[in-house]
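To start, the structure itself, in structure tokens.
Below, read A as the first sequence line, B as the second, and so on, with proteins coming before strands; counting in each chain starts at 1.
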2 protein chains.
Amino acid sequence: MTTEERIRLQKHLVETIGLEHEKEGMQPVSSRILALLMVMDKECFTFDEIIEELGISKSAASVALKMLQLRNNVEYITFPGDRKRYFRLKRIEPYHIFEESRKKMQRNIENIGKILTLKANPQAPNNHFLNEIKQMMEFFIDSLDHLKESYLKRHNSSNFSS
Amino acid sequence: MTTEERIRLQKHLVETIGLEHEKEGMQPVSSRILALLMVMDKECFTFDEIIEELGISKSAASVALKMLQLRNNVEYITFPGDRKRYFRLKRIEPYHIFEESRKKMQRNIENIGKILTLKANPQAPNNHFLNEIKQMMEFFIDSLDHLKESYLKRHNSSNFSS
DNA sequence: GTTTTAGTTCGTGCAGTTACGAACCAATAA
DNA sequence: TTATTGGTTCGTAACTGCACGAACTAAAAC
């Protein structure tokens, strides 16, 4: 595979992965930027490189990058004597990727709890079902901690560094 | 707590939980319907009861219910000699609540795989990071099966029936 | 065969989002 | 001090998605 061929395929993949992020609720421009940072060989992109590569406006890039930083997906580094920001994927600890699901599930558990306290007959089939779901979620949350431990145990040889 | 008081609180909770589902990407009407079926004491709602209770149009209810059935959140039953559909929560097996996350993660794993095969230098820091994330996701998927087993083992006394 | 019931589909309007360009700001360079 | 660089904020225009009402369909009732 030639270099040109590879770059062509990479740009195509940026589009594909961008679309997939969009389907999962992310905005078009943010999706493309994130995909760009994941797919291309360049480890860091400047603001202008991002604009250039994706053909978007400065304002769109500015807003999207702000959101991606808030969501902990992107960070930037700078170099002395160079005002440019160099954007790259934020290197989180791998088990943090479950934080979002965990919080979501925690809220669900609380909501089902509230629902059940307001029911006239806790023995009704719906309530039995809701209680089962709640227990499954609680079990899942408990398991995440265990999962983290097991993962760290398996991968303690390869240390993570930001 | 009087019955009226309880019903008032339940209706308020429908709104709260509806809003929360909205924040997680579900459409307003679908969110309200789902919340209604979860919160209220009535185990089944007819089409007209849903419309009446939520103050929405027939078309909005029709579209939303179709989506909720597609997503496996809602089902309906009928009774002989009665053309009405009685909608209720779909009683899935509790460990199925992870199916969506599992599929999403599976797609992510495939995407990262594609990304890595197209990289010029697989040893670059970004790629090392992506690989760690991929491994964490694979570990999570593997663990879901284990989770299901453990859950079934703990709860084998209380059988699930549709 | 006509009417009623129980919902579905279609076309439209409104509201919310998104991305753009222009104006702006802050820091460095000249 | 003015100009340039690097990015942000604001106002606007275009687009998108959602919910409504009206028209429609299919099945049962009469």
*Can a donor-acceptor pair under 3.5 Å be found between the side-chain atoms of A:Arg83 and the base atoms of D:dT5?*
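Such a pair exists between side chain and base.
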*Kindly say whether, by distance alone, the side chain of B:Ser59 makes a donor-acceptor pair under 3.5 Å with the base of D:dG21?*
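Present.
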*Does one side chain, of A:Lys90 or A:Asn73, offer a donor that lies under 3.5 Å from an acceptor on the other?*
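Judged by distance alone, the side chains do not pair up.
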Roughly, in whole Å, what's the span from [atom1] in [X] to [atom2] in [N]?
X: A:Tyr76; N: D:dT8; atom1: OH; atom2: C1'; value: 12 Å
X: B:Glu22; N: D:dG17; atom1: CD; atom2: C1'; value: 13 Å
X: A:Gln69; N: D:dG7; atom1: CD; atom2: C1'; value: 12 Å
X: A:Ile50; N: C:dA19; atom1: CD1; atom2: P; value: 15 Å
X: B:Leu65; N: C:dT9; atom1: CG; atom2: P; value: 13 Å
X: B:Lys84; N: C:dT8; atom1: NZ; atom2: P; value: 15 Å
X: B:Ile51; N: C:dT8; atom1: CD1; atom2: C1'; value: 12 Å
X: A:Asp82; N: C:dA27; atom1: CG; atom2: C1'; value: 13 Å

_Ring centres under 6.0 angstrom apart (A:Tyr76, A:Phe87)_ =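 Centroid separation for A:Tyr76 and A:Phe87: below 6.0 Å.
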*Distance check: side-chain N/O of A:Lys58 vs OP1/OP2 of D:dT9, anything under 4.0 Å?*
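No.
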Nearest listed nucleotide, side chain of [X], among [options]:
X: B:Phe47; options: D:dG7, C:dG7, C:dC20; value: C:dG7
X: A:Arg85; options: C:dG21, C:dT18, D:dT8; value: D:dT8
X: B:Gln27; options: C:dT18, D:dG21, D:dC18; value: D:dC18

*Kindly give the heavy-atom pair with the smallest separation between B:Leu147 and A:Ser143, and that separation in Å.*
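What the structure gives for the nearest pair is CD1-OG, 2.9 Å.
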*Closest contact, heavy atoms only, A:Leu118 versus B:Asp41*: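 Closest approach of A:Leu118 to B:Asp41, heavy atoms only: O-OD2, 4.4 Å.
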*Which residue, A:Ala60 or B:Gly81, contacts DNA chain D at a nucleotide closer to its 5' end, judged by nearest heavy atom?*
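Final value for this comparison: A:Ala60.
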*Donor-acceptor under 3.5 Å (A:Lys114 side chain, A:Ile109 main chain)*: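 Looks like no, no N/O pair under 3.5 Å.
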